[in-house]
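Take a look at the structure below.
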Number of protein chains: 2
Amino acid sequence: MTDGPEAATPSTHLLRRLNADRVLGEVWDGEPVTASGLMAATGLSRSTVLALCRELTERGWLVELDDARAAGSYTKGRPALRYAFRPDAALVVGVDAGQHRVSAAVADLHGRVLAEEAVHLDPASDAGARRDAVRGAVDAAVARTGRSGADVAAAVVGVPAPVEAAGVPSGERNPFWARMNPGLGDLLADRGWDAVVENDANLAAVAEAEHGGGAAAYAALLVGERFGAGVVLDGALRRGPRGAIGEMRILDLVEGVGSSDGLGALARDEARRALARGDGEPSTLARVPAARLDAAHVLAAADDGDPLALRVRERLADRLSRVCAVLAGLLDLDRVIVTGAMAPALGAVVERARALLPGHLHDPAVEIVVSDLGPEVVRAGAVRMAVDHVRSHALDRDLAGVGPVGA
Amino acid sequence: MTDGPEAATPSTHLLRRLNADRVLGEVWDGEPVTASGLMAATGLSRSTVLALCRELTERGWLVELDDARAAGSYTKGRPALRYAFRPDAALVVGVDAGQHRVSAAVADLHGRVLAEEAVHLDPASDAGARRDAVRGAVDAAVARTGRSGADVAAAVVGVPAPVEAAGVPSGERNPFWARMNPGLGDLLADRGWDAVVENDANLAAVAEAEHGGGAAAYAALLVGERFGAGVVLDGALRRGPRGAIGEMRILDLVEGVGSSDGLGALARDEARRALARGDGEPSTLARVPAARLDAAHVLAAADDGDPLALRVRERLADRLSRVCAVLAGLLDLDRVIVTGAMAPALGAVVERARALLPGHLHDPAVEIVVSDLGPEVVRAGAVRMAVDHVRSHALDRDLAGVGPVGA
DNA sequence: AGCATTAGATTTACGTGCTAGATTTTTGTC
DNA sequence: GACAAAAATCTAGCACGTAAATCTAATGCT
């Protein structure tokens with residue numbers, strides 16, 4: 001990349017690259033390391049490790065800390081050089097481009113959010129307005145870090161639509177999808193960043209990766225207006241050729257479900273309908289204007305013991321348990337993580353759904369849990385994926401001179 | 001392995017191994033190659049290629065052909081040494097241990113079946129009888145090749161039950177499953193072979209790998225007594241933590257399906273019930289004794305235009321289309337391959353199911369096709385998987401002296 | 001202060017794998 | 001028989017890695 005001998009002996013360089021990658025992986029998320037530590041971790045010899053560290057330092061990925069035995073792990077003898085990963089060597093951008101809200105974050109290479117910006121957006125906005133919103137939010141967030149856009153290495157945008165393998169929008173299939181992803185990838189790639197557009201549920205799944213524990217098979221289930229799942233099998237996100245794995249239109253065919261409407265939509269509609277019917281049963285929900293009644297009201301009322309709300313909640317639990325049963329039954333999942341903006345309010349619903357599960361699955365090995373990542377799951381997943389992208393392409397890139405030099 | 005310098009420099013040996021593996025992969029399924037051909041294919045230098053070929057020849061994987069320019073591709077110059085893969089350097093065993101039939105095949109490393117043996121078996125047989133049947137079929141098939149069991153490198157057995165990741169039977173969950181896999185893995189491992197037990201539908205999916213064309217996402221659907229699918233996503237078979245991906249118990253919850261009964265069971269039961277009701281409608285099927293009436297009769301009668309059989313066939317198509325819709329809708333499949341013993345008779349059913357599909361899927365990108373691999377799909381998949389196993393562990397093994405030396 | 005101790009850093013020698021280019025062998029053609 | 005072509009072989013030489021001896025910095029003990 002700089003001026004090293006270019007591919008004189010391709011095969012042997014491969015080996016070097018493999019080892020460099022291992023070392024980088026070792027430091028990326030961890031504490032500063034000494035050469036001896038790396039020797040133990042990688043099985044390489046001291047000379048090799050030192051050479052690799054020198055190279056990675058020159059390339060801008062590591063800094064040499066000279067604070068000697070500051071780590072305090074030992075007292076005698078010569079203090080070791082310590083190499084530390086530079087999480088601020090580059091920036092990443094993560095965006096949740098939702099239907100009525102765009103939220104952007106700029107993070108360092110540890111995924112720590114340094115700045116954020118959110119803007120509201122009319123769900124009916126046209127392509128141009130949507131692009132402007134994304135551009136605006138991203139630029140504002142980057143500006144707020146006090147660093148240059150040139151320091152950004154990669155950006156990931158989540159959209160509420162399937163995204164085909166190569167990041168190509170599947171717009172021809174569905175005009176709604178096209179509107180949700182009006183060339184957002186190119187928009188960011190024009191900045192000179194590596195840009196990826198990804199489905200929102202898939203990003204939620206990425207965000208839940210740690211939370212998913214050691215689970216090699218799980219789904220992140222977005223439950224708001226429509227159901228949508230991001231599916232991880234054998235430890236990796238599965239998209240499908242059309243990006244449609246976890247698309248839940250098929251719920252139309254499932255008994256007791258009948259549509260892909262999410263729990264938010266269902267709660268609202270059921271409650272409104274029951275109130276409109278006026279079964280005579282008194283409900284505190286009757287005091288809320290029908291047009292403003294939403295899932296949050298219903299769930300709160302249920303917590304207060306309101307009978308109508310309790311009936312609706314039971315319906316939600318039933319539907320959720322069936323959706324989880326279909327997902328887990330076919331995909332042999334260890335876990336379904338209920339996530340999205342309304343997830344925190346769904347404790348009781350999930351608990352009840354868990355209880356209903358054995359009625360639908362012969363051998364329910366799946367565990368339904370509520371995400372604790374809060375409303376910015378998708379954005380967090382976008383940041384995470386951007387970091388992973390940089391990580392996996394790290395050795396193709398030279399950072400020397402980019403960003404602040406200090407640790 | 002033989003007596004080379006043991007791991008003097010592990011890292012550099014890794015490189016050698018990588019290249020050897022590439023060369024082996026190049027020859028495995030192809031024509032004999034010259035050094036020049038390999039140079040072009042691998043990008044390695046002549047010296048390296050020749051050294052690798054020499055090594056692989058010593059190890060028993062390749063033979064040096066000296067029939068000069070027999071290939072006729074060129075006429076001038078010194079004739080190249082040609083190296084050919086030795087498909088008979090080792091044997092593999094593939095077994096379909098079905099409910100009422102055990103079928104074993106012995107094949108070479110190209111997957112060409114050299115000998116086979118099938119035995120019938122009472123579906124109610126206990127563990128011992130089932131083990132004996134497998135042992136008997138395998139030994140007979142091996143004997144028929146005229147070669148020793150020591151030449152067998154790997155064996156794969158398909159069973160009609162989920163198999164957990166490590167080949168562990170999931171017997172505690174279900175006594176039927178335990179009976180279907182009474183320690184068959186150990187049985188074959190005791191012969192000194194690498195033994196793998198795998199679900200039958202998964203093996204069908206492996207067998208359909210070529211037939212699945214370039215499809216990176218497809219399912220092989222067994223449709224006989226019960227539905228069961230082997231699922232390939234991102235080019236690899238997906239099993240799930242409990243080996244239950246593609247288990248179709250969940251069909252209980254699908255509208256218009258209601259059970260995981262396969263098309264064979266459905267055809268039989270529907271026809272019998274209709275005849276018993278005696279709707280008055282004359283049907284040629286009435287001439288078949290009820291206890292012997294099965295799917296084959298029904299499908300044949302439908303082809304002859306029998307109205308009752310046609311009604312049943314329509315039901316089969318409807319059910320099949322729904323099952324495919326669920327699979328493809330959730331998994332974003334390119335293709336569902338209908339397979340199993342009765343597949344060849346299902347042309348009309350599949351055609352009709354294709355037509356019904358748009359009624360269930362908004363955007364049916366999936367293609368339903370009938371397998372043309374015949375009744376031994378599972379066994380073929382077992383052979384295929386065994387070959388792949390040997391291929392991927394090839395460099396751990398020394399074949400020198402094993403098997404016939406000639407090509 | 002001097003000295004052994006400890007552990008990291010450096011140097012040197014060497015093995016292995018690969019490449020590149022010159023050389024030789026084997027064939028066919030004129 | 002000279003020449004051209006294709007392939008194998010030989011010879012350097014380089015890159016990467018290991019191993020072991022040597023060097024160097026910090027510490028505790030006397």
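Labels below follow one simple rule: chain letters A, B, ... track the order of the sequence lines, proteins then strands, and each chain is numbered from 1.
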Taking only N and O in the side chain of [X], is any of them less than 4.0 Å away from OP1 or OP2 of [N]?
| X | N | value |
| --- | --- | --- |
| B:Arg16 | C:dC18 | yes |
| A:Asn19 | D:dG17 | yes |
| B:Thr12 | D:dG17 | no |
| B:His13 | C:dT16 | no |

field: Rounded distance [0.5 Å steps], CG in A:Leu15 versus CG in B:Leu18
entry: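 Interatomic distance, A:Leu15 CG to B:Leu18 CG, rounded to 0.5 Å: 9.0 Å.
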
Between [X] ([atom1]) and [N] ([atom2]), how many Å, whole number?
| X | N | atom1 | atom2 | answer |
| --- | --- | --- | --- | --- |
| A:Leu14 | C:dC18 | CG | P | 11 Å |
| A:Leu15 | C:dG15 | CG | P | 19 Å |
| B:Leu38 | C:dC18 | CG | P | 14 Å |
| A:Arg17 | C:dG17 | CZ | P | 23 Å |
| A:Leu50 | D:dC16 | CG | P | 16 Å |
| B:Leu81 | D:dA6 | CG | P | 17 Å |
| A:Arg82 | D:dA25 | CZ | P | 20 Å |
| A:Met39 | C:dT10 | CE | P | 14 Å |

- request: Mind checking B:Ser47 for me? I need base, sugar-phosphate or nothing, with any heavy atom below 4.0 Å counting as a touch.
  value: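 It contacts base atoms.
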
query: If you look at every strand shown and take non-hydrogen atoms under 4.0 Å, does B:Leu44 touch a base, only sugar-phosphate, or nothing?
result: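 Contact class for B:Leu44: sugar-phosphate only.
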
query: Are any non-hydrogen side-chain atoms of B:Val49 and B:Glu26 less than 4.5 angstrom apart?
result: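 A side-chain contact is absent here, since even the closest heavy-atom pair is not under 4.5 Å.
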
In terms of side-chain heavy atoms of [X], which of [options] is nearest?
| X | options | value |
| --- | --- | --- |
| A:Ser45 | D:dG17, C:dC18, D:dT18 | D:dT18 |
| B:Ala35 | D:dA8, C:dT19, D:dT18 | D:dA8 |
| B:Arg46 | D:dA7, C:dT27, C:dG15 | D:dA7 |
| B:Ala80 | D:dT9, D:dG17, D:dA8 | D:dA8 |

message: Just to verify, what does B:Arg112 make a salt bridge (Lys or Arg N to Asp or Glu O under 4.0 Å) with, not counting sequence neighbours?
response: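 Only B:Asp108 meet the salt bridge (Lys or Arg N to Asp or Glu O under 4.0 Å) criterion with B:Arg112.
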
- request: Please check if any side-chain donor atom of B:His389 sits under 3.5 Å from a side-chain acceptor atom of B:Asp194, or the reverse.
  value: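 Looking only at side-chain atoms, B:Asp194 and B:His389 do form a donor-acceptor pair, the distance falling under 3.5 Å.
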
Listed partners of B:Arg54 passing side chain to side chain donor-acceptor pair (under 3.5 Å), at least two apart: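 Side chain to side chain donor-acceptor pair (under 3.5 Å) check on B:Arg54 returns nothing, list empty.
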
